[in-house]
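The structure appears right after this line, and notes come after that.
Reminder, nothing fancy here: chain letters follow the sequence lines and each chain counts from 1.
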Number of protein chains: 2
Amino acid sequence: MTRTVFEKADIVPMIAEVFRELGYEGATMSRITSRTGISKGSLYYFFPGGKEEMAAEILAEIEEWFVRNVFEPLEREEPQAAVQKMWREVDAYFRSGQRICLVGAFALDETRDRFAAKVAEYFRSWIDSLRAALVRSGASAESAAALAEETVGGIQGALILARALRDERVFARAVASHAERITKCMQPL
Amino acid sequence: MTRTVFEKADIVPMIAEVFRELGYEGATMSRITSRTGISKGSLYYFFPGGKEEMAAEILAEIEEWFVRNVFEPLEREEPQAAVQKMWREVDAYFRSGQRICLVGAFALDETRDRFAAKVAEYFRSWIDSLRAALVRSGASAESAAALAEETVGGIQGALILARALRDERVFARAVASHAERITKCMQPL
DNA sequence: TCCATTGTAAACCGATCGGTCTATAACTTC
DNA sequence: GAAGTTATAGACCGATCGGTTTACAATGGA
């Protein structure tokens, strides 16, 4: 009888991946244990609050990751470089379109009602930090707001399309197209 | 003991609405009966194959609706008018962003694997019929293909954003922006 | 070496799952 | 109005759900 010892820092991403693949309702405890190898005992030891606590911690970790790697750079660093970094990080994070956005998925079903605040905050932060970077690079307030919203929405839509069509090139094309529009906006003719 | 009699043509949209709100896994039989008032007896009388058959028929009906109201007009009618009709129908269908796209939701979770062909066909048909209309209006093959894909993806992304931020104006702005880009593409300077 | 702590494994629980079945209400047809 | 058909209501089923509990393996400090 072998015994595997996990640390919480390791298991949150493992569970996140199951939620990503199966959705909140689809990720049953037995499927989480069978896909991760983490027994129920361990899961409830780390997350006494059960599935809901797991999902909450996953959302918090995703938010943290984006704040550190995308949102804060957009707000603090040089706009052009920060936007370039955003595209690099986003492409890596979503595995070039082969991985979905869990926050977007939660927004679509009734899970949204449970985590409404977190879901809204994630997208609001993203749009707002991108908008701020565009403004700092010289774009007008209106065009920056519009372009930021379209870009974040475009990424979400591209993830759906890439997965639906099972063709990651859809995601690559969307990223390239939106990146170009941002570049043009930041470097007016 | 009151007895309500349903017809299949009526109940498919009712069940579809429950799937839309709760997702495939979230739409349990008891929630379907409690939200629609249709008893289990009736549900299994109309859909002997259970949930899977319900979802399949719902997807088929959605596909049919889009073919009739959006895809075929894009392919057959005058391009400018057909595109305008598309925006009207899309805005009405998605309740100006307050209703999600069930096909897009199915694409995100593991339900996709069950209905992969239908999900892919829906998006492929949409992109392709829009692309065809753009080409017929004089757009180049490359820009038509790119714009069609971006538009369909943009709608999906806007539905996610609108729901996540609980702000339907996000959807309205996305529709307006994409409509303008299409108009420009169809009437080159 | 013993004990407390940390964490794992799995049996177990009531509730709910998707799905089946029976009884019967309401229409059709004659 | 009897017979047959269509559709509804809801009891019922085994399986699985999210969650709890028990037993104990491993580790580290005394």
Under 4.5 Å between any side-chain heavy atoms of A/Arg114 and A/Phe106, yes or no? no
Is any side-chain N or O of B/Ser39 closer than 4.0 Å to OP1 or OP2 of D/dT8? no
What contact category does B/Thr28 fall into here, base, sugar-phosphate, or nothing, at under 4.0 angstrom with non-hydrogen atoms? sugar-phosphate
Expressed in angstrom and rounded to an integer, what is the separation of A/Asp10 atom CG from C/dT8 atom P? 11 Å
Could you check whether any side-chain N or O of B/Glu78 sits under 3.5 Å from a backbone N or O of B/Ala81, counting only pairs where one atom can act as donor and the other as acceptor? yes
When all nucleic acid strands are considered with a 4.0 Å heavy-atom cut-off, which category describes A/Gly41: base, sugar-phosphate, or nothing? base
Which one, C/dG18, C/dT8, D/dT6, comes nearest to the side chain of A/Ser42? C/dT8
In whole angstroms, how far is the P atom of C/dA26 from the CZ atom of B/Phe6? 15 Å
Phosphate OP1/OP2 of D/dG10 contacted by B/Lys40 side-chain N/O (<4.0 Å): no
Starting from P on D/dA7, measure out to NZ on B/Lys8 and report it in whole angstrom. 10 Å
Ring centres under 6.0 Å, that's the criterion: do B/Phe66 and B/Tyr93 meet it? yes
Starting the side chain at C-beta, find the nucleotide from D/dT8, C/dG19, D/dG18 nearest to A/Lys51. D/dG18
Starting at CZ of B/Arg31 and ending at P of C/dC17, how long is that distance when rounded to a whole Å? 7 Å
Roughly how many Å is it from CE in A/Met29 to P in D/dT21, rounded to a whole number? 15 Å
Find the distance A/Ile32:CD1 to C/dA10:P and express it as a whole number of Å. 18 Å
Is any NZ, NE, NH1 or NH2 atom of the basic residue among B/Arg124 and B/Glu121 found under 4.0 Å from an Asp or Glu carboxylate oxygen of the other? no
OH of A/Tyr44 versus C1' of C/dT6: gap in Å, rounded? 20 Å
Side-chain donor-acceptor pair present, B/Ser140, B/Ser143, cut-off under 3.5 Å: yes
Given atom OH of A/Tyr45 and atom P of C/dA9, what is their separation to the nearest angstrom? 14 Å
